[in-house]
Q: 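Pasting a structure here, questions to come.
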Amino acid sequence: MDRRSFIKLTAVTGTGAALASCGNPENDFIRFIPDEMIVPGVAVWKPGVCSLCPAGCGLTVRVMDADADVVRDGQAGIVRIAAAKKLEGAPDHPVNHGGLCARGQAAIQVTYHPDRITQPLRRTGERGDGLYEAVSWDDALAEIVSRLDALEGAGNQGSLTYLTRVGRSHRAALVRDFLVRFGAPPPVAFEIFGDDVLRRANALSFGREQLPTFDLANAMYVLSFGADFLGTWNSPVAQNVAYGRMRQGRRGVRGAFAQVESRMSQTGASADEWVPVRPGTDGVLALGIAHLLMSTGAYPSDAAGRAGALIEGWAAGLPGYAPEDVERMTGLEAARVEGLARQFSDARPAVAIVGGAPLAHSNGLFTALAVNALNALVGAPGRDGGIFFTPQLDVAAAVQSGSPAQPAVALESLVTEGLAGGASPEVVFVDGANPVFTAPPAWRVREWLEQVPYIVSFGHFLDETSILADLILPDHSSLESWAEALPESGAVMAVASIAPPVMRPLHQTRATPDVLLEVGRMLGTPLALPWETFDELLGASLAGLPSASGSGALADARQAGVWSGELPAGLAVADSADTSPASVPVAFTAPEFDGDADEYPFHFLPYSSNAFLDGSLAHLPWLQEMPDPLTSAMWSSWVEINPVTAERLGISAGDVVEVTSAHGTVRTRVVVSPGIAPDLVAMPAGQGHRTFTRYASGRGENPVELLAPMTDAATGALAWAATRVRVTRVGPPDGRLILFAGSLREHGEEHR
Amino acid sequence: MPQWGMAVDLDRCTGCGGCVVACHAENNISTVGDEQAAVGRAKHWLRIERYWEGDFPDVRLKFRPVMCQQCDNAPCEPVCPTYASHHTDDGLNAQVYNRCIGTRYCANACPYNARFFDFFNPSWDKPLQLQLNPDVSLREVGVMEKCTFCVQRIRAAGTQAKAEERDVADGEIQPACVQSCGARALVFGDLENPSSEVSRLSRSPRGSKLLEDTGAQPSVTYLSRLTQV
Amino acid sequence: MTHPTGQQITRDLVRPLLLTTWRFYVMIALFGAFVVAGLVAWLSQVYFGFGLSGINWPVFWGFYITNFVFWIGISHAGTLISAILRLVNAGWRRPVTRCAEAITTFALLIGAMFPLIHIGRPWLAFWLIPYPSERLIWPNFRSPLVWDFFAINTYLTGSLLFLLLPMIPDFAVVRDSTTGIRQKIYRVLALGWRGTPKQWHRLESAMQIMAIAIIPVAVSVHTIVSFDFSMAPVPMWQTTIFGPYFVAGAIFSGIAGLIIAMAVLRRLLHLEDYLRPLHFENLGKLMLVMALLWGYFVFNERLVTYYGNGPHEMAVFWRTQRLSFAPLYWTMVVCNFVLPLILLGIRRFRTITGCVIASFGVVIGMWLERYLIIVPSLGAKYLPYSHGTYTPELVEVTITVATFAAMCLLYMLFAKVVPIISIWELKAGEHPSPALIPPATEKHQLGDLHL
Ligand SMILES: Nc1nc2c(c(=O)[nH]1)N[C@H]1C(S)=C(S)[C@@H](COP(=O)(O)OP(=O)(O)OC[C@H]3O[C@@H](n4cnc5c(=O)[nH]c(N)nc54)[C@H](O)[C@@H]3O)O[C@H]1N2
Ligand SMILES: Nc1nc2c(c(=O)[nH]1)N[C@H]1C(S)=C(S)[C@@H](COP(=O)(O)OP(=O)(O)OC[C@H]3O[C@@H](n4cnc5c(=O)[nH]c(N)nc54)[C@H](O)[C@@H]3O)O[C@H]1N2
Ligand code: SF4
Ligand code: SF4
Ligand code: SF4
Ligand code: SF4
Ligand code: SF4
């Protein structure tokens with residue numbers, strides 16, 4: 001039996017029970033007493049926090065009465081509930097200022113998803129079969145507690161591994177605290193399109209291990225290296241708000257914008273100038289511009305301070321990065337390099353952004369440091385129209401009990417070690433992460449998980465990782481529980497997005513932080529976490545923050561969905577301890593690629609999908625049906641190929657092709673796109689789920705399956721843009737590439 | 001009587017699609033699924049048209065949000081045999097779903113292809129129906145639907161203002177798409193009021209109407225994207 | 001070839017009503033099966049949703065409207081031809097008129113069904129009718145679809161009268177040639193026709209009035225059908241030529257339909273002596289004129305578009321001329337122009353066979369013409385992002401085929417109950433002597449009759 005039939009079966013059993021009950025008065029459908037006093041037909045707006053990405057945008061949730069079919073205590077019935085109806089951007093939120101991205105709009109479908117896991121489940125079939133039985137929360141919690149007690153009994157607490165997603169929040173702090181107190185290592189956070197390289201570079205250049213905030217609204221020139229900052233990267237709504245102001249928000253002034261990348265992204269489409277360079281050479285261009293800036297004398301090299309000192313040859317004015325050298329390395333004509341440098345120096349203030357693919361090469365850290373140095377040279381850090389670091393609330397300090405952050409464990413090394421016969425976890429908790437889907441198959445995460453004796457998932461859905469779990473303890477949706485985020489970026493002041501539940505839970509789910517607290521209390525040796533519930537932790541954390549209304553920061557946040565302001569001394573995350581310049585300054589090293597250039601002639605670029613990011617949102621039907629910004633594709637996946645390349649390979653639009661790397665093959669459909677370099681092919685991530693609800697299962701292909709286990713040499717982060725592939729035509733269009741647009745040329749050949 | 005209109009600043013629009021999903025969420029537009037989408041039945045009252053210009057490496061992509069242009073001289077109106085498509089006093093092209101018999105004539109007449117047809121009864125997999133907006137009527141098979149400028153929000157604001165014995169303030173009404181747009185590419189308001197932001201933008205030298213020569217007299221003004229290199 | 005006269009005419013023409021072979025039943029069953037299939041297809045479209053069709057965004061009209069225009073076009077066979085020929089008193093028309101008028105009526109009935117099949121909520125189609133409602137809601141009289149409603153209904157009423165009036169004397173003939181229940185039925189149908197001079201006079205005046213009245217109605221019907229297109233701002237639809245172009249096309253296809261029907265009747269009902277090569281040749285000449293006229297209109301339409309060089313028009317223009325629709329377009333040109341020109345223009349080919357082949361070509365070509373007016377334009381309307389394509393689905397094909405079957409079925413049943421050639425007109429034409437019209441019976445003395 002597969003997962004689908006499981007779901008069908010439960011549905012049938014439910015209906016069967018309901019029908020059978022009709023004759024018995026005692027089993028009749030009951031009409032529950034309304035959950036909440038709500039006036040029918042009258043809407044109220046409650047604050048919320050978007051939890052779909054780490055940006056932490058604030059929501060205003062429209063809540064009205066609705067009749068919901070629910071099962072409570074084994075009885076089916078209709079409840080008049082207060083139901084979330086529409087998510088809107090919170091107008092006064094310091095990150096999103098009333099805006100909301102497509103994903104944020106669709107977040108409501110997580111709560112109402114037909115394939116949500118509605119109750120605790122225990123595995124009955126083989127791992128991966130998707131066969132589960134319902135268990136009560138009491139039994140489920142008792143089972144976890146006995147497993148953890150057994151670990152403790154054996155003195156083996158270190159073998160509890162917590163897999164989670166990247167993002168700063170109170171919840172993450174609680175998880176960390178739980179693990180430290182139990183004696184387990186810190187959580188393992190893995191994200192395919194993670195920004196660890198940039199955080200590391202910022203720590204080195206600016207003393208902040210953090211993603212930056214850009215004051216685009218006041219910038220006159222923005223030079224972005226590969227960062228899809230208007231689409232998916234960092235804090236996209238905040239950046240859209242600022243971008244709009246940069247373009248048309250100032251009277252008589254319009255900021256200019258150039259994007260450096262070899263496949264046009266949604267962001268690149270908005271640029272005034274689009275600058276394709278060879279993969280892995282963005283840093284060279286940055287330094288080429290720095291070289292020209294310094295050579296004019298207007299920018300003395302020591303203006304860049306520490307960030308400059310990290311680059312070899314900086315003090316000497318980067319002699320190896322003359323425009324001709326840059327042309328040779330990047331493939332960009334020297335004249336254009338000079339043009340970019342001229343604009344970067346003439347338009348003040350100017351700021352450079354780097355993120356995404358340029359950092360996903362073997363020389364990623366170099367590239368990030370090079371762009372940082374360029375920013376430092378023009379004085380962008382801390383200047384209007386420049387680059388900032390949002391002050392961060394130090395949760396551990398705020399709650400006075402929490403455990404300080406420790407260096408994270410890398411998933412790859414953990415897996416490699418485990419599979420090589422080294423230490424392997426006894427118990428794995430999976431919370432919001434799906435590494436089986438997002439990690440390169442070469443890492444063999446699935447294999448590693450399969451040998452773990454006991455896996456617990458807190459997921460709402462049976463995804464590729466959760467389906468390996470022995471026990472599933474479904475979390476509330478973010479509308480049903482305390483939602484919060486500590487945005488790392490997007491505002492100049494410190495922000496804590498915090499909102500109480502906007503509606504009662506639809507199903508028999510429980511908030512994972514509360515489950516952890518309860519498990520902590522139930523253990524043989526209780527963990528003595530000082531909070532009864534998660535909101536107590538929130539209260540403790542915000543207690544020390546200044547309140548605008550005087551009734552407490554938490555009360556303010558409950559009202560507005562956000563606290564924002566000056567952090568009192570001692571409650572802010574300190575600048576990175578790592579203030580010493582790198583022992584050896586870095587220089588450009590040619591990027592390394594997996595796969596022989598003759599056998600695999602194309603660079604392969606997977607990219608974060610505008611709709612699904614890395615795939616965690618592929619289950620939302622609104623996002624599946626939203627046309628992709630560049631291709632207009634819906635419900636599909638595809639590979640983008642330059643028209644000249646396509647013609648050379650005898651491939652036309654829609655054809656079925658095989659994209660093969662040294663590590664795998666996917667069969668997908670072709671989009672012929674003029675916005676991609678001839679030696680590059682690109683594929684959006686997000687589709688290709690084997691199991692992830694009715695909307696995403698078995699749909700499209702996952703580009704991650706092709707990725708080689710390449711890493712950035714300096715940080716060990718996955719270099720996901722460093723794989724080479726070949727493309728072979730398999731057949732004509734098979735109708736599985738679904739496009740909304742009829743034509744993507746406004747003035748077609750037909751008119752000639 | 002206000003005359004509602006919109007300005008779309010193409011220099012701000014980043015093609016993010018936030019407005020597209022916002023419109024679905026606000027207006028109970030059902031998704032049709034992959035098979036129907038494949039045969040051209042997807043319903044996007046608001047779409048972000050995108051057009052490539054040039055060839056690699058001198059290539060550009062232009063975004064253009066297109067929704068019903070609420071034409072003053074709407075070609076979709078006279079052809080409708082039942083008045084399901086008709087003009088309101090405040091300049092909207094109203095679509096009365098209950099009166100529509102599904103001739104699809106209006107859709108042919110609309111130069112912007114802004115109208116969408118319910119080829120099947122719209123449905124939502126339970127409990128997705130809980131997200132439905134009770135202020136917006138559900139459609140049934142065989143009727144036309146399209147952007148209404150979020151008329152439910154216009155009417156609600158009008159009623160509120162009337163109760164408070166005042167006029168609707170500029171910016172008080174935000175259709176769902178306008179509200180969600182982070183870049184503030186969309187501005188809605190009363191064209192009759194010369195000091196409203198939308199009037200001001202509509203008079204911009206960057207402004208033009210889409211397919212002006214069809215004579216539909218749309219209420220949406222597009223402000224051109226600038227180039228600067 | 002003999003020229004039958006008198007009793008022979010009556011015998012020959014009443015025979016099909018009285019003698020029924022097994023072949024008749026087989027064919028009825030065959031056509032009936034197709035009609036039932038069409039009905040099932042339509043009901044399932046209503047039940048499961050209009051999405052069973054191939055219609056989509058932005059090609060909102062497809063096979064159904066093509067069929068609508070096609071059948072309304074075919075309906076111009078009759079009334080117009082027989083009315084004009086009647087007015088100019090072309091003697092050779094006599095065996096042809098009823099054939100033609102029957103085509104008109106049935107084609108109209110079938111054509112008028114298509115708006116119902118085509119709309120999304122057919123159960124509310126009555127909203128097109130201006131009926132008094134307590135809420136004072138009327139249809140929109142500015143909509144060409146409402147004009148269609150009136151035009152088609154007027155034309156249908158007129159055509160029915162035009163068909164029925166001259167049937168009365170023939171019903172009397174059948175009444176007088178039969179016995180039993182049949183006779184009773186035909187007695188009712190004959191409306192007490194006795195062939196008195198007064199009756200003849202009234203019939204003739206009525207026919208004369210109808211013939212005059214029906215011509216503007218017929219012209220207006222297809223002009224209004226053309227307004228369905230030319231009133232919408234769609235590239236290559238909005239053109240002043242559509243009115244006459246559609247009317248000419250309608251007559252053109254109508255003649256073709258008539259020629260095919262006559263050829264089939266001639267063969268099946270053994271009417272070789274009545275439907276003679278002369279009739280085919282004359283109709284063929286008429287069709288040749290229409291082919292030239294059609295070619296003239298198409299040339300005009302295309303040339304003006306080409307010179308205008310409007311970008312949106314040209315997108316559609318090239319779609320049909322050179323791109324995806326070119327195969328259909330050039331098939332249409334061959335069928336509607338090249339084929340008739342050769343087969344009908346060269347006297348040697350203008351035989352019955354030649355005429356029938358040309359007619360089949362014209363029927364196909366004119367169907368394609370309507371399809372090519374509708375689909376390429378809608379698929380390439382202005383904003384290229386919203387361009388699209390159309391592929392018909394099973395329901396549409398089934399219903400289309402079923403309507404052809406329905407036409408055959410109705411025609412066969414009609415020929416089974418009504419003499420398909422007007423007996424009295426034929427006799428009046430062949431033998432202007434009043435003495436022979438209609439045949440004397442014991443009830444009706446010859447002396448009563450004169451023209
Ligand atoms: N489509 C449509 N809508 C209409 C109308 C229409 O004709 N058609 N008519 C309109 C008019 S005129 C009216 S008055 C309204 C009526 O609208 P409602 O007042 O909603 O009328 P009902 O649906 O008849 O009854 C409401 C509920 O009361 C429950 N009920 C019955 N008896 C009792 C009782 O003793 N105690 C309690 N607590 N509940 C009870 C019923 O089970 C039902 O669920 O509808 C208006 N809306
Ligand atoms: N079985 C049953 N009986 C019921 C009820 C029930 O739930 N079930 N509900 C009861 C209740 S709550 C009510 S209010 C009554 C309603 O009972 P009625 O008052 O009879 O209401 P309707 O059936 O809506 O009929 C109203 C008539 O007015 C016409 N009309 C509409 N607009 C206008 C107008 O502008 N002017 C004029 N002159 N006529 C107009 C309509 O066409 C219709 O013929 O029924 C009561 N009877
Ligand atoms: S940017 Fe992230 S947090 Fe903000 S609305 Fe979009 S998905 Fe939600
Ligand atoms: S939300 Fe705004 S920026 Fe995004 S696509 Fe819509 S109009 Fe453009
Ligand atoms: S489809 Fe509906 S709205 Fe459009 S013309 Fe027909 S009846 Fe009117
Ligand atoms: S855009 Fe189309 S649907 Fe909207 S008013 Fe104009 S013609 Fe009508
Ligand atoms: S105005 Fe309202 S209905 Fe129109 S596109 Fe925007 S959200 Fe959709």
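Remember, it's a predicted structure, so these values are computed and weren't measured experimentally. Note: hydrogens, waters and symmetry copies are ignored here, and every other heavy atom, side chains too, is used.
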Q: Taking all non-hydrogen atoms of both residues, which atom of C/Asn140 and which atom of B/Pro78 are closest, and how far apart?
A: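 Result for this residue pair: ND2-O, 3.1 Å.
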
Q: Would you mind checking which part of B/Ile101 comes under 4.5 Å of any heavy atom in chain C, side chain (CB onward), backbone (N, CA, C, O), both or neither?
A: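 The answer is both parts of B/Ile101.
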
Q: Under 4.5 Å heavy-atom distance to chain B, tell me which part of C/Phe149 shows up: side chain, backbone, both or neither.
A: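 Nothing of C/Phe149, per the 4.5 Å heavy-atom cut-off to chain B.
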
Q: Work out which heavy atom in B/Leu211 is nearest to a heavy atom in C/Tyr382; give both atom names and the distance.
A: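 Closest pair (atom of B/Leu211, atom of C/Tyr382, distance): CD1-CB, 3.6 Å.
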
Q: For chain C, find which of B/Asn98, B/Asp213, B/Leu210 contributes the most heavy-atom pairs closer than 4.5 angstrom.
A: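 With the most close heavy-atom pairs to chain C, the winner is B/Asn98.
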
Q: Tell me, for B/Asn121 versus chain C, whether the close heavy atoms (under 4.5 Å) come from the side chain, the backbone, both or neither.
A: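 Neither part, no heavy atoms under 4.5 Å.
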
Q: Do C/Ile55 and B/Phe119 have side-chain heavy atoms sitting under 4.5 Å apart?
A: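 The answer is yes, as the side chains (C-beta and beyond) meet within the 4.5 Å cut-off.
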
Q: At a 4.5 Å cut-off on heavy atoms, which part of B/Arg115 comes close to chain C: side chain, backbone, both, or neither?
A: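 Contact with chain C: backbone only.
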
Q: Checking heavy atoms, do the side chain of B/Arg99, its backbone, both or neither come under 4.5 Å from chain C?
A: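 Looking at B/Arg99, backbone and side chain both touch chain C.
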
Q: Between B/Val141 and chain C, with a heavy-atom cut-off of 4.5 Å, which part of the residue counts as in contact: side chain, backbone, both or neither?
A: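 Both parts, backbone and side chain.
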
Q: Run the salt-bridge test on C/Arg121 and B/Glu140 with the 4.0 Å N-O cut-off and return the result as yes or no.
A: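 Salt bridge present between C/Arg121 and B/Glu140.
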
Q: Less than 4.5 Å apart, any side-chain heavy atom of B/Asn108 and any of C/Leu378?
A: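 Heavy-atom side-chain distance check passes, below 4.5 Å.
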
Q: Using heavy-atom distances under 4.5 Å, tell me whether C/Asp228 contacts chain B through its side chain, its backbone, both, or neither.
A: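 Both backbone and side chain of C/Asp228 come within 4.5 Å of chain B.
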
Q: How far apart are the closest heavy atoms of C/Pro233 and B/Pro111, and which atoms are they?
A: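 Smallest interatomic distance, heavy atoms only, reads CG-CG, 4.4 Å.
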
Q: What distance separates C/Phe60 CZ from B/Met144 CE, expressed to the nearest 0.5 Å?
A: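 Those atoms lie 4.0 Å apart.
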
Q: How about C/Leu52 and B/Phe120: do any of their side-chain heavy atoms sit closer than 4.5 Å?
A: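 Side chain of C/Leu52 against side chain of B/Phe120, heavy atoms only: contact under 4.5 Å found.
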
Q: With respect to chain B, which residue among C/Pro144, C/Gly54, C/Ala232 yields the maximal number of heavy-atom pairs within a distance under 4.5 Å?
A: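 Most heavy-atom pairs under 4.5 Å with chain B: C/Pro144.
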
Q: Taking the ring centre of each residue, are C/Trp61 and B/Tyr105 less than 6.0 Å apart?
A: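 Aromatic pair counts; centres sit under 6.0 Å.
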
Q: Tell me, side chain or backbone of B/Tyr51 under 4.5 Å from chain C's heavy atoms, or both, or neither?
A: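 Side chain of B/Tyr51 only, per the 4.5 Å heavy-atom cut-off to chain C.
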
Q: Work out which heavy atom in B/Asn113 is nearest to a heavy atom in C/Pro58; give both atom names and the distance.
A: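 Reported closest heavy-atom pair: ND2-CB, 3.4 Å.
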
Q: Parallel, tilted or perpendicular: which fits the ring planes of C/Phe50 and B/Phe117, with parallel below 30° and perpendicular above 60°?
A: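 Perpendicular, since the angle between the ring planes exceeds 60°.
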
Q: Given a strict heavy-atom distance threshold of 4.5 Å, which part of C/Trp237 is in contact with chain B: side chain, backbone, both, or neither?
A: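 The answer is the side chain of C/Trp237.
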
Q: Out of C/Leu124, C/Thr389, C/Leu383, which one racks up the most heavy-atom pairs below 4.5 Å with chain B?
A: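 Most heavy-atom pairs within the cutoff with chain B belong to C/Leu383.
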
Q: Is the shortest side-chain heavy-atom distance between C/Ser386 and B/Arg47 below 4.5 Å?
A: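 Yes, at least one pair of side-chain atoms sits under 4.5 Å.
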
